[in-house]
Each structure stands twice: as structure tokens, then as C-alpha cells.
Amino acid sequence: MEQPAQPVLRDIVLIGGGHSHVGVLKRFAMNPTPGVRLTLICRDTHTPYSGMLPGYVAGHYAYDDVHIDLSRLAEFAGARFYRDEAVGLDRRAGKVLCRNRPPVPYDQLSINIGSSPQISQVSGAAEHAVPVKPITGFNDHWTRLLARMSDHQGPLNVAIVGGGAGGVELLLAMQYRLQNELRSRQRDTSGLGFHIFNAASQILPTHNDTVRSHFARVLAQRGVQVNNNSRVERVSDHTLHLADGTEHPMDEILWVTQAGGAKWLEDTGLELDASGCIKVNNQLQSLTDPAIFAAGDIATMVDQPREKAGVFAVRQGPPLAENLRRAVKGQPLKPYRAQKNWLALISTGNRFAIASRGNIGFAGAWVWRWKNWIDQRFMDKFNDLPPMTDDKAGSVPSEVNLNQEEAAQAISAVAMRCGGCGAKVGSTVLS
Ligand SMILES: Cc1cc2nc3c(=O)[nH]c(=O)nc-3n(C[C@H](O)[C@H](O)[C@H](O)COP(=O)(O)OP(=O)(O)OC[C@H]3O[C@@H](n4cnc5c(N)ncnc54)[C@H](O)[C@@H]3O)c2cc1C
């Protein structure tokens, strides 16, 4: 879609191409707000859909099946796409500081940058373990490991540190794939060992007993060694050192522990929670700065605490889009109500999945097919983009309320046709 022929009166800047922002882009594409320009800043051009990531690792999906092409989606939404990393904010000037490009001005800002395991809290982990996020880093490591399997000889022990659903699901997917890689080369799989190191007394602590017992059975059948009450205190070269004094040599160590916020947020002055995530109100607006919104893992809803999960990031997309739109128009924001119970469909690598919702848990191959259907439908929304020829935003008047000075500038901008190139016209240019 082309840039609207409207002058740009308000800038909405989105940092991160997470699950919420892809929803925002889609909504603005289908229903643009005249006078508003969107800019997406993301360090990756392709963003992974977390629900399908284990299926990609297991070998059921190709890279493109589980990634959304952000540059294409941004183009579809008439948004600018800057492939860059946000490294700070100048809130007084209303600018995003980027690693490689000049600061990007905003009127409203939204942050959806996800979270990553707090690997630096354990000595040696950053040097000797691979965090599951950023996914691009994990994926690079994973593809190298797969390549090494072609001539790997002898035993290979893989450890996951963390006993949450994400870690368990990832380990089972890796096991399925690595065993298949060896079998396809007529090689023995008995040298492959898989281990979970979990500081808590049970795996999947946020799920119900039925789900936990389904997983306990699957893990036992698949020969995965589960070490509960096993806090990793230190990591050295290929070795986990536990709090109980034991040492466990491992070939691969993956870190999937509780996630936290990016370091650069600490210098923004925004109020953060104990794990470094941005505290937001029910309108998904920062408690500190009304011009800044946050969604997904990086946001902590202070009045509705919820688990960090992709499902919430996805659900927050529509209310976030609505509130960004309302904020630029100067309209009152709408509260978002987060669901209390949510459905998690957790796969076990071998086209089998376990469903978890509140106190309910059930499992089967059909659950995997159901999950696959839901996930594919989600991806279709972002990959099957209809042709957009009608420039809706350019053909209707601006919906942005301007003060007198801004209105005068806008009229000048129209006269000069400055907005046609998509450039925001600053007061210094016009005066
Ligand atoms: C193995 C695994 C499986 C999972 N499976 C599920 C599941 O089935 N269902 C579920 O609900 N949850 C699942 N989760 C949890 C889920 O991954 C997260 O909750 C979800 O990804 C959070 O989405 P998000 O939109 O907040 O951020 P993300 O999806 O992490 O996206 C963040 C984006 O921001 C970009 N970015 C980051 N920092 C910057 C920066 N400084 N500047 C610019 N761009 C930046 C990144 O490149 C990325 O595009 C799983 C997690 C793991 C580890």
C-alpha cells in the first residue's frame, strides 16, 4: 500500500515486531487513520510465531511457515519499516534512540519487544548456555547443531534449564528432531540424552495436575531425565553446577528460565516491575508516561497480573490498536480485560499435544491437529495479505484533532504537498 496523500499530522512508532504489533499493523492496514503515520522499528525482518516454534524445531514446519514477514506487513499497512534495534528513549524530546539510525520522533509510542531469559543472573550462563530468546540467536545455534549431527559420533547430552511449558515443549521437539536426524542416516539414537533441570519442585508449575501428569508420563516414556529441586548455581564449559554440589557434564545447555525485560529499559525512567518489564494500566499505557504503551511479554498489567504468554500478546493487539488510534485523536482510552483462563496447547514433538485450561487437561494426536489448524489460521492472517489498491487514508479528511498552530502548519503542508512523500513536516520547515 502506498503512503497516504495526507500530510502526516501524528506519528505512532512501534518498537518490536511482536505478536501485538503485527495485530496493530494489520488493523491499521484494514482501517487506516487519516493523518497518522505508523513506523515499525524492529531488529528482525521476520518475527517468529511462538505457537509454531516447537513444531519448526521438530521439523514439521519450514522457517517461512512460522515467521511473519514484517517488511511486507508494514508495507501493507502503509507503515515505514526501520530494521534497527531500539537502545533508548529521549522521552523529553519524544524520540526513540536506535543503534544505527538517527532518533525517530513519536507522538505515541508502543513497545512490544518480548522478553528473554534472565541468563546473566547465574554465573557463567551467558558464556556457556544458549538462551531460547532472542529466537534468532537460538535458531542460529539450532541450525548449526543440526548440521553437526550429520557427522556426530558418540553420546550427546542436551540439557534444558527451566521447567516451564516453553522449555519442556522445546526439549521434546529437539529430541524428536535429533532422533529423526540420526535415524534417517541409519544411526543409533541411544547415545542421545535429554535432561531437564528445574529449580521448582514440579515441572509446568502454572498448569494443573492433570496436565502435569500427562507430561510426566510422556517424559518418562521418552526417557527424558527430569531433575526437580535442582537449582543451577553456576555454569562452566559444558557443565552445570547445582546448588546441592553435584556437577552435570552436558554437550548442549539451553536456557529457558523465567523471562525478564531488556536492559535498556532501565534508563528510560519508565516504571518497571522486579523482572524489568514495563508496568502498564488496563489501557496498556505506561504508568509513568501516557504517550507510551506496552504489550506482550514486556508489559506487566498491574491490575490484572497474567502469565507471560504469546496468547496474551496476540489478544492485546486489537485493544492496543484501538487505544493508539484513540490517543492520537485525543479521545478517551478503552480498558482491556484480560481473560482469566486461557487455552494452552502444548506439543510433545511427535504430532501429539496436551491441552491445558484452568483445571482441565486432555491430550491426543487430535489435539495437535487442532493446534496446527489454529496456528495455521493465525499465520494465514499475516501471510495472505489481500491487494490494497484503494488509498482510504488519502481520500478522507484527517481524523486528528489539531490545535490552532498545528492546523496552520497542516494547511501549509497540504499546500506544499509535503505529506505526499510520507515525510513529517516539522514547524521549523514550515515557518
Ligand atoms: C519454546 C517456546 C514455546 C512457546 N510456546 C508458546 C505457545 O505455544 N503459546 C503461547 O501463548 N506462548 C508460548 N511461548 C511464550 C511466547 O513465546 C511469548 O510469550 C511471546 O513470544 C511473547 O510475544 P511478544 O509479542 O511479547 O514478543 P516476541 O514475540 O518475543 O517479539 C518481540 C519482537 O521484538 C523485537 N525486538 C526485541 N527487542 C527489540 C529492540 N530493542 N528493538 C527493536 N526490536 C526489538 C524482536 O526482534 C521480535 O520481533 C513460548 C515460548 C517459548 C520459549
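Start at 1 and go down the list; that is how both ligands and their atoms are numbered.
Checking side-chain atoms of Arg231 against main-chain N and O of Ala199 turns up no donor-acceptor pair under 3.5 Å. In this structure, the side chain of Asn323 engages the main chain of Lys334 through a donor-acceptor pair within 3.5 Å. In terms of modelled atom types and a separation under 3.5 Å, the side chain of Asn281 and the main chain of Leu287 share no donor-acceptor contact. In this structure, Arg101 contributes its side chain and Tyr82 its backbone to no donor-acceptor pair below 3.5 Å. Within the 3.5 Å criterion, the main-chain N or O of Ser230 finds no donor-acceptor partner in the side chain of Asn227.
Residue Trp264 touches ligand 1 through its side chain alone, judged by heavy-atom distances below 4.0 Å. Only side-chain heavy atoms of Ala313 come within less than 4.0 Å of ligand 1; its backbone N, CA, C and O stay farther off. Only the backbone of Ile41 comes within 4.0 Å of ligand 1, judged by heavy-atom distances. Under 4.0 Å from ligand 1, not a single heavy atom of His21 appears. Contact annotation for Asp84 and ligand 1: only backbone heavy atoms (N, CA, C, O) come within less than 4.0 Å of the ligand. Counting heavy atoms under 4.0 Å from ligand 1, residue Ile113 touches it through both backbone and side chain.
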Passes ring-ring contact (aromatic ring centres under 6.0 Å, His included), His60 versus Tyr176? Steps please. CA-CA 11 Å; His60 305 313; Tyr176 177 81; 5.3 Å; yes

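For the 3.5 Å distance criterion, the side chains of Gln376 and Asp380 fail to qualify, holding no donor opposite an acceptor. If you check the side chains of His248 and Thr246, you find a donor sitting under 3.5 Å from an acceptor.
Counting the atoms of ligand 1 from 1 in the order shown, those under 4.0 Å from a heavy atom of Gly166 are 1 (C), 2 (C). Distances below 4.0 Å separate heavy atoms of Glu169 from the following atoms of ligand 1: 3 (C), 5 (N). For ligand 1, the atoms closer than 4.0 angstrom to any heavy atom of Asp44 are 46 (C), 47 (O). Counting the atoms of ligand 1 from 1 in the order shown, those under 4.0 Å from a heavy atom of Thr47 are 48 (C), 49 (O). Counting the atoms of ligand 1 from 1 in the order shown, those under 4.0 Å from a heavy atom of Gly296 are 26 (O). Near Val132, meaning under 4.0 Å from one of its heavy atoms, ligand 1 places the atoms 53 (C). In summary, the atoms of ligand 1 found under 4.0 Å from a heavy atom of Gly18, numbered by their order in the structure, are 25 (O), 31 (O), 32 (C), 33 (C).
Ligand 1 has an N or O atom lying under 3.5 Å from an N or O atom of Val311, backbone or side chain. In terms of polar-atom proximity, Leu70 is not counted as a contact of ligand 1, lacking any N or O under 3.5 Å from an N or O of the ligand. At a 3.5 angstrom cut-off on N or O pairs, Asn112 counts as close to ligand 1. Ligand 1 has no N or O atom lying under 3.5 Å from any N or O atom of Trp342, backbone or side chain. Polar contact check, Ala86 against ligand 1: a nitrogen or oxygen pair lies under 3.5 Å apart.
Taking all atoms of both residues into account, the shortest heavy-atom contact from Leu156 to Leu178 is CD2-CD1, 4.3 Å.
For the pair Asp289 and Arg91, the salt-bridge criterion is met [side-chain N within less than 4.0 Å of a carboxylate O].
Atom 44 (N) of ligand 1 has its closest protein heavy atom at Arg43 N, 3.3 Å. Scanning the protein heavy atoms around atom 23 (O) of ligand 1, the nearest turns out to be His19 ND1, 3.2 Å. Among all non-hydrogen protein atoms, the one lying nearest atom 4 (C) of ligand 1 is Ser50 O, 3.9 Å. Scanning the protein for heavy atoms near atom 10 (C) of ligand 1, the closest one is Gly310 N, 3.3 Å.
Pairs passing the side-chain hydrogen bond (donor to acceptor under 3.5 Å, both in side chains) check and including a residue from residues 40-53, sequence neighbours excluded, read His19-Ser50, Tyr49-Asp375.
Listed by chain and residue number, Phe312 satisfy the ring-ring contact (aromatic ring centres under 6.0 Å, His included) test with Trp342 (two or more places apart in sequence, or in another chain).
A cation-pi arrangement is found for Arg377 relative to Trp373, the charged atom lying closer than 6.0 Å to the ring centre and inside a 45° cone about the ring normal.
There is no protein heavy atom closer than 4.0 angstrom to atom 51 (C) of ligand 1.
Closest heavy-atom approach to atom 19 (O) of ligand 1 among the candidates Ile346, Leu14, Asp297, Leu345: Asp297.
The distance from atom CE of Met250 to atom NE2 of His195, rounded to the nearest 0.5 Å, is 4.0 Å.
Taking 4.0 Å as the cut-off, Gly51 counts as a neighbour of ligand 1 on heavy-atom distance.
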